[in-house]
Amino acid sequence: MNFVDPIKSKEDIHKVENWLAERNPRNRLIFAMGVNLGLRISDILGLNVSDVYNKTHVEIREKKTNKYKRFILNDKLQKLIKEYLKDVPTKSKAPLFIGKKGHRLHRSQVYRFLNEACKAVGLSENIGCHSLRKSFGYHHFKQYNDIVLLQKIFNHSSPAVSLFYIGIDQETIDNSYRNFEL
């Protein structure tokens with residue numbers, strides 16, 4: 001698996017989301033869920049309509065770890081989900097995100113639209129599906145400065161793993177060199 005970067009600029013996140021919103025509500029919702037929830041793309045794509053419809057909280061078993069996870073949907077996500085599902089039966093067990101052929105969307109399709117959007121708005125970072133989760137982590141840490149909380153959210157084994165994961169260690173080292181002078 002290749003190493004991917006988080007999107008470290010909130011302005012760039014908004015540019016990508018706006019670009020997606022103009023083209024495809026499904027893709028916008030996937031992106032918004034990724035950067036607002038910090039879930040792996042496999043867990044986002046594994047959601048069914050009944051998991052999120054008219055809900056404030058979602059409960060899943062993470063595909064990678066098989067650990068139980070419960071999380072809140074913020075107001076923005078609740079609104080986007082409601083708009084996206086306005087014509088869908090409320091109790092539907094259907095996949096939340098389907099492709100053109102009517103099957104559950106695959107991560108490769110997300111990778112394609114995500115890269116297209118990032119290139120279209122001028123991002124040069126190495127972007128992949130996991131960039132959404134890393135972007136969440138980066139901005140969550142910047143806002144709350146609580147690496148232990150982020151470690152718990154991500155189910156990482158240590159704070160050091162979480163810092164490395166979101167690229168804070170190298171950034172901190174670079175800034176220390178940049179700002180150090182004798």
Side-chain angles (χ1 to χ4, degrees), residues 1-24 27-46 58 60 62-77 80 106-182:
M1 178 152 80
N2 295 332
F3 181 80
V4 296
D5 299 315
I7 302 172
K8 292 184 176 181
S9 161
K10 284 186 179 183
E11 181 182 329
D12 287 341
I13 288 174
H14 295 300
K15 284 181 189 176
V16 172
E17 185 174 346
N18 290 336
W19 190 90
L20 290 168
E22 292 173 6
R23 286 155 183 81
N24 189 312
N27 295 352
R28 177 197 188 182
L29 180 56
I30 292 169
F31 180 82
M33 289 179 93
V35 297
N36 281 278
L37 297 174
L39 296 174
R40 290 177 186 87
I41 197 64
S42 59
D43 293 323
I44 293 171
L45 297 179
V58 176
I60 64 168
E62 292 181 324
K63 294 204 183 312
K64 181 178 179 180
T65 65
N66 200 34
K67 290 181 181 176
Y68 169 81
K69 185 172 186 107
R70 182 177 190 266
F71 53 90
I72 193 167
L73 295 170
N74 64 26
D75 292 340
K76 174 183 180 171
L77 290 177
L80 289 175
H106 189 266
R107 69 181 299 118
S108 63
Q109 293 164 292
V110 175
Y111 177 85
R112 278 193 294 274
F113 81 66
L114 183 58
N115 270 274
E116 180 185 4
C118 289
K119 285 178 186 164
V121 301
L123 292 183
S124 59
E125 288 89 347
N126 185 20
I127 301 294
C129 295
H130 219 55
S131 294
L132 304 179
R133 181 171 161 91
K134 287 184 172 193
S135 298
F136 165 86
Y138 179 85
H139 290 284
H140 193 282
F141 178 73
K142 287 293 191 178
Q143 182 170 337
Y144 295 106
N145 200 30
D146 189 341
I147 196 61
V148 174
L149 176 59
L150 189 60
Q151 173 195 351
K152 287 179 85 81
I153 290 170
F154 280 162
N155 282 320
H156 284 161
S157 59
S158 73
V161 169
S162 297
L163 285 170
F164 176 77
Y165 181 80
I166 61 176
I168 294 291
D169 276 353
Q170 189 59 52
E171 183 178 283
T172 304
I173 291 168
D174 290 349
N175 284 334
S176 74
Y177 275 107
R178 190 175 294 113
N179 296 316
F180 180 80
E181 188 176 304
L182 293 175

Colleague: With side chains defined as the heavy atoms from C-beta onward, is the minimum distance between Leu37 and Leu73 less than 4.5 Å?
Modeller: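 Yes - at least one pair of side-chain heavy atoms lies under 4.5 Å apart.
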Colleague: Drop me the distance from Asp12's CG to Leu123's CG, to the nearest 0.5 angstrom.
Modeller: 4.5 Å
Colleague: Salt-bridged, Glu17 to Lys76, with N to O below 4.0 Å?
Modeller: yes
Colleague: Are Lys15 and Glu11 within salt-bridge range, i.e. N to O under 4.0 Å?
Modeller: yes
Colleague: Are any non-hydrogen side-chain atoms of Leu150 and Phe136 less than 4.5 angstrom apart?
Modeller: yes
Colleague: Any luck finding a side-chain donor-acceptor pair between Tyr111 and His106 under 3.5 Å?
Modeller: no
Colleague: Give every donor-acceptor pair under 3.5 Å between a side-chain atom in residues 152-161 and any protein atom, sequence neighbours left out.
Modeller:
residue: Asn155; atom: ND2; partner: Glu62; partner atom: OE1; Å: 3.1
residue: His156; atom: ND1; partner: Ser162; partner atom: OG; Å: 2.8
residue: Ser158; atom: OG; partner: Ala160; partner atom: N; Å: 3.4
residue: Ser158; atom: OG; partner: Val161; partner atom: N; Å: 3.2

Colleague: Measure the CD-SG distance between Glu125 and Cys118 for me, rounded to the nearest 0.5 Å.
Modeller: 8.0 Å
Colleague: Between Leu20 and Phe113, is the side-chain contact (heavy atoms from CB on, under 4.5 Å) condition met? List the steps.
Modeller: CA-CA 9 Å; Leu20 290 168; Phe113 81 66; 3.7 Å; yes
Colleague: So Tyr138 and Lys142, do their side chains get closer than 4.5 Å, heavy atoms only?
Modeller: yes
Colleague: Look at the side chain of Asp43 and the backbone N and O of Lys63, then say whether any donor-acceptor pair between them is shorter than 3.5 Å.
Modeller: yes
Colleague: Donor-acceptor check, side chain of Asn36 to backbone of Ala32, threshold 3.5 angstrom: yes or no?
Modeller: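 At least one qualifying donor-acceptor pair exists.
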Colleague: So do Ile30 and Leu45 actually touch side chain to side chain, heavy atoms under 4.5 Å?
Modeller: yes
Colleague: Looking at every non-hydrogen atom in both residues, tell me the closest pair between His130 and Val4 and how far apart they are.
Modeller: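 Closest pair (atom of His130, atom of Val4, distance): CB-CG2, 3.8 Å.
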Colleague: So, for Ser135 and Ile7, which heavy atoms are closest and what is the spacing to 0.1 Å?
Modeller: OG-N, 2.7 Å
Colleague: Would you compute the distance between atom NZ of Lys67 and atom CD1 of Ile60 and round it to the nearest 0.5 angstrom?
Modeller: 12.5 Å
Colleague: Would you name the heavy atoms of Leu77 and Leu29 that are closest together and state the gap between them?
Modeller: CD2-CD1, 4.5 Å
Colleague: What pair of heavy atoms forms the shortest contact from Leu39 to Arg133, and how long is it?
Modeller: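 For Leu39 and Arg133, the tightest heavy-atom pair comes out as O-CB, 3.8 Å.
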Colleague: If you draw a 6.0 Å radius around OH in Tyr68, do more than 12 non-hydrogen atoms from other residues or ligands fall strictly inside?
Modeller: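 Atom OH in Tyr68 is packed in, count exceeds 12.
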Colleague: Without swapping roles, check the side chain of Asp146 against the backbone of Phe141 for a donor-acceptor pair under 3.5 Å.
Modeller: no
Colleague: Can you tell if the side chain of Pro6 reaches within under 4.5 Å of the side chain of Ile166, non-hydrogen atoms only?
Modeller: no
Colleague: Would you say the side chain of Leu132 lies within less than 4.5 Å of the side chain of Leu114, judging by non-hydrogen atoms?
Modeller: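 Yes, their side chains come closer than 4.5 Å.
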Colleague: Counting heavy atoms not belonging to Phe71, are there more than 12 under 6.0 Å from its CZ?
Modeller: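 Counting other residues, nucleotides and ligands, CZ of Phe71 exceeds 12 neighbours.
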Colleague: In sequence, state the C-alpha distance, the side-chain angles, and the governing distance for Phe31 and Asn27, and then conclude on side-chain contact (heavy atoms from CB on, under 4.5 Å).
Modeller: CA-CA 6 Å; Phe31 180 82; Asn27 295 352; over 6 Å; no
Colleague: Got His139 and Ile13 here, is their nearest side-chain heavy-atom distance under 4.5 Å?
Modeller: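 In short, these two side chains touch, coming nearer than 4.5 Å.
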